[in-house]
2 protein chains.
Amino acid sequence: MDQIDRWIVRALQKDGRMTVTELADKVGLSPTPCARRLERLQRDGVITGYSATVDPAKLGLSVSIFVSVELEKQDRAAVDAFEQAIRRCEEVMECYLMTGSRDILLRVVAADLTAFDAFLENRLMKIPGIRNLRSNFALRTMVRRDTLPA
Amino acid sequence: MDQIDRWIVRALQKDGRMTVTELADKVGLSPTPCARRLERLQRDGVITGYSATVDPAKLGLSVSIFVSVELEKQDRAAVDAFEQAIRRCEEVMECYLMTGSRDILLRVVAADLTAFDAFLENRLMKIPGIRNLRSNFALRTMVRRDTLPA
DNA sequence: GGTGAAAACAGATGCAT
DNA sequence: ATGCATCTGTTTTCACC
């Protein structure tokens, strides 16, 4: 991972559909070594995929809700089981294991509060081992960035 | 936005580098109307861009920290000013205006706790109008999804 | 890492349905 | 609004320096 690799990663985060030719031009390399580097970055798991960025509101998913989950047990097995279960919930866009009381933090997207309520009742609360939940609603997304700092 | 449009959006979230030809094949359309639909989806702001998905750890950015910010004033002007300032912080990957006490929630990425401390001191706390901060650390990212639910 | 070739492919256009 | 066929331009890939 030298400076050129970082540049490639940065450029492809800004425009994931850029061709290798354009990319090579942008980083000051000829297409061949640029393609070789890109291949290596993908193979090494630095770049794990490519995705279209979509406006959730345009899909009718205008609310984000952060849910703090406290598990009854906080050992490895309990956390693993929860992870497997939460992975199947498509509404959960992000899930973090937090420090402190080993809380788990979710960001959930939903069409509206009714839909979120349905998610809580039918999906989240069906997962065993949850001691309690606390939901916090986002009024608005102020910033969303998909390019990591240099 | 009919069913085919949703399918296009879904497919491009899963693979943002898919060509129009592949996409057309996948949604059961010929390339021409498929390209037209894609153009429209981009023009209407449903698809706002394309991005490579990068493993932050491979770039040495292994920690995510959630920071709750409470502003001194909570009026429109104060929130706007904060938004302008926070937009310039590359470490801030997400920023939400929350309900309740009109708290603001940030997700910040950093190399380690030292780097995060530097961010707090030199960047975040330089922004005027902040009453207090509360940081919560993520031990681990359990789930990250970039495809919105169908 | 660079160069040049060839082959493959995608994207655009025009017209018909 | 979709589909088909063609055409043009570009990209990717290869062998080799």
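Per chain, numbering begins at 1; letters A, B, ... match sequence-line order.
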Between the side chain of B:Glu91 and the main-chain N/O of B:Ala110, is any donor-acceptor distance below 3.5 Å?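 No, B:Glu91 side chain to B:Ala110 backbone: no donor-acceptor pair under 3.5 Å.
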Determine whether a donor-acceptor pair (N or O, by modelled atom type, separation under 3.5 Å) exists between the side chain of A:Arg17 and the backbone of A:Tyr50.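 Pair absent, no side-chain N/O of A:Arg17 close to backbone of A:Tyr50.
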Salt bridge between A:Asp80 and A:Arg76, side-chain N to carboxylate O under 4.0 Å?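 Salt bridge: yes.
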Kindly calculate the angle separating the two end axes of the helix from C:dG1-D:dC17 to C:dT17-D:dA1, each obtained from five base pairs, and round it to 10 degrees. 40°
I need the residues from residues 8-20 of chain A with at least one non-hydrogen atom less than 4.0 Å from DNA chain D; give them sorted by number, or say none.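 DNA chain D contact set from residues 8-20 of chain A: A:Thr19, A:Val20.
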Contact check, residues 35-45 of chain B vs DNA chain D, heavy-atom distance under 4.0 Å, returns B:Arg36, B:Arg37
Option from B:Ser135, B:Cys89, B:Ser68, B:Cys95 for which side-chain contact (heavy atoms from CB on, under 4.5 Å) with B:Leu106 holds: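 Of the listed residues B:Ser135, B:Cys89, B:Ser68, B:Cys95, the side-chain contact (heavy atoms from CB on, under 4.5 Å) partner of B:Leu106 is B:Cys95.
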Validation row: [X], [Y] side chains within 4.5 angstrom (heavy atoms):
X        : Y        : value
B:Glu94  : A:Arg145 : no
B:Arg134 : B:Val67  : no
A:Leu133 : A:Ile130 : yes
A:Pro149 : B:Val109 : yes

Please confirm whether B:Tyr96 and A:Phe66 have ring centers closer than 6.0 angstrom. yes
Quick one: side chains of residues 115-124 of chain B, donor-acceptor pairs under 3.5 Å with protein atoms, not counting sequence neighbours, listed by atom name and distance.
from	atom 1	to	atom 2	distance (Å)
B:Asn122	ND2	B:Ala118	O	3.3
B:Arg123	NH2	B:Arg88	O	3.2

Ignoring hydrogens, what is the shortest heavy-atom contact between A:Arg10 and A:Leu148? Give both atom names and the distance.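 The answer is NH1-O, 3.2 Å.
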For A:Lys14, all residues meeting side chain to side chain contact (heavy atoms under 4.5 Å, CB included), sequence neighbours excluded: A:Thr147
For DNA chain D, which nucleotides open and close the run of contacts to chain A, 5' to 3', at under 4.0 angstrom from a non-hydrogen atom?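 From 5' to 3', the first and last contacting nucleotides are D:dT11 to D:dC14.
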Spacing between B:Glu22 atom CD and C:dA10 atom P, to the nearest angstrom: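 B:Glu22 atom CD is separated from C:dA10 atom P by 6 Å.
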